[in-house]
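Convention: sequence-line order gives letters A, B, ...; per-chain numbering from 1. None of the values given here were measured: they were computed from a predicted structure.
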Protein chains: 2
Amino acid sequence: MTRRMDPLTAEVVDLIGTIVARYYQEYDAAAAVHRLTGAQARVLALLAPGPMPMRQIAQRLKCEPSNVTGIVDRLEAQGLAERRADPADRRVKLAAATEQGRDTAAHLRASLDFAREPLGALSEQDRRTLRDLLQRMLGDAPAGGSPASA
Amino acid sequence: MTRRMDPLTAEVVDLIGTIVARYYQEYDAAAAVHRLTGAQARVLALLAPGPMPMRQIAQRLKCEPSNVTGIVDRLEAQGLAERRADPADRRVKLAAATEQGRDTAAHLRASLDFAREPLGALSEQDRRTLRDLLQRMLGDAPAGGSPASA
DNA sequence: TGGTTTGCTTGACAAAGTGAAACATCCAGG
DNA sequence: CCTGGATGTTTCACTTTGTCAAGCAAACCA
């Protein structure tokens, strides 16, 4: 057990840990500007492109559906989201961002300086290299980006 | 506002978001193996090298000291940590990992496959490049290492 | 000495998260 | 058709994390 990690790998792991901490911190701060918690902001960002069933939100967040109920409740209370019926399946409730919700989501995305600013220290060539390295590190899996959800 | 981000930068940001999500997920999973939550594991890792005042733990976690009280309480209840008096200042309580706590911390660190495995896809040269890019991205700040706080 | 600051804990509270139970709806086999 | 099982959501009870304000003891300062 406890197989030793080589120093270089350990260093990279530490750096990633630092990035993770900073990412969370700045994400929460950006959300707080709009009176949102991190979880609420994440759901709102998920809903910005279009409505989504509660179940699917839970899958994306990797949590139980019962948890999503509360988060959407709070977004709804602030007028940022609403629940709609799914015409195709009456069990399903589609969470959808309101006009104001989409607006907030856009501002939120804009205020993600955590992304622009530190990356500004890198040249375009560097960023390209970084992207390739991260992609390979993640096994070329698509970068959590487009939902591809119906 | 809402200055557009160039597509390359956006791609890198997305990748970082994916890494952050995966990091958290795997960290929590590794902690759960030892009946710990993520926060408890983080504190235990902090205490593994040596005792630390409660106040300092709070600074490292960027949270209120009152929050640390509860987390250390739970570690203490599991026999993984204990509180000691600071001979130099009787107000201070030093949280310290017990023998068992250090042992758990070591196993925890070992089970961080999240670090070794994905990085295994990169050659040593690649890891070196990645390290340098991340360091520059973080403004050459030391990688979350030494506190330097008095 | 006395007043202020510092370190920790307590209490009340909100949000995030889990798990189990309840309920409606859908779907498939007989 | 209709019954039984699977699915989607919510509710409830509960834990953990986290905040903030108040309280208390010890240290510091003048």
Find the distance [X]:[atom1] to [N]:[atom2] and express it as a whole number of Å.
X: Ile57(A); N: dG8(D); atom1: CD1; atom2: P; result: 14 Å
X: Glu64(B); N: dT16(D); atom1: CD; atom2: P; result: 21 Å
X: Gln59(B); N: dT6(C); atom1: CD; atom2: P; result: 12 Å

So what does Arg42(A) touch, heavy atoms closer than 4.0 Å: a base, only the sugar-phosphate, or nothing?
nothing
Using a cut-off of 4.0 Å on non-hydrogen atoms, how would the nucleic acid contact of Arg74(A) be classed: base, sugar-phosphate, or nothing?
sugar-phosphate
Assign each of Gly70(B) and Leu94(A) the nucleotide of DNA chain D bearing its closest heavy atom; nearer the 5' end lies the nucleotide of Leu94(A)
Which residue pairs pass the salt bridge (Lys or Arg N to Asp or Glu O under 4.0 Å) test when at least one of the two sits in residues 74-85 of chain B, sequence neighbours left out?
Asp73(B)-Arg83(B), Glu76(B)-Arg83(B), Glu82(B)-Arg84(B)
Phosphate OP1/OP2 of [N] contacted by [X] side-chain N/O (<4.0 Å):
X: Arg90(A); N: dC26(C); answer: yes
X: Thr37(A); N: dA16(C); answer: yes
X: Arg91(A); N: dC26(C); answer: no
X: Gln40(B); N: dT17(D); answer: yes

If you check every side-chain atom of [X], which of [options] has the closest atom?
X: Asp89(B); options: dT9(C), dA27(D), dT9(D); value: dA27(D)
X: Thr69(B); options: dT17(D), dT10(C), dT25(C); value: dT10(C)
X: Ile71(B); options: dA16(C), dT9(D), dG18(D); value: dG18(D)
X: Ser66(B); options: dT7(D), dC20(D), dA16(C); value: dC20(D)
X: Cys63(A); options: dT17(D), dG17(C), dG19(C); value: dG17(C)

Return the minimal non-hydrogen interatomic distance between Ile57(A) and Met52(A), and the atom names on each side.
CG1-SD, 3.7 Å
Least distance between heavy atoms, Leu8(B) atom then Arg128(A) atom:
CD2-N, 4.0 Å
Is the backbone of Pro53(B) close enough, under 3.5 Å, to the side chain of Gln56(B) for a donor and an acceptor to pair up by distance?
no
Using 30° and 60° as the class boundaries, would you call the ring planes of Tyr24(B) and Tyr24(A) parallel, tilted or perpendicular?
parallel
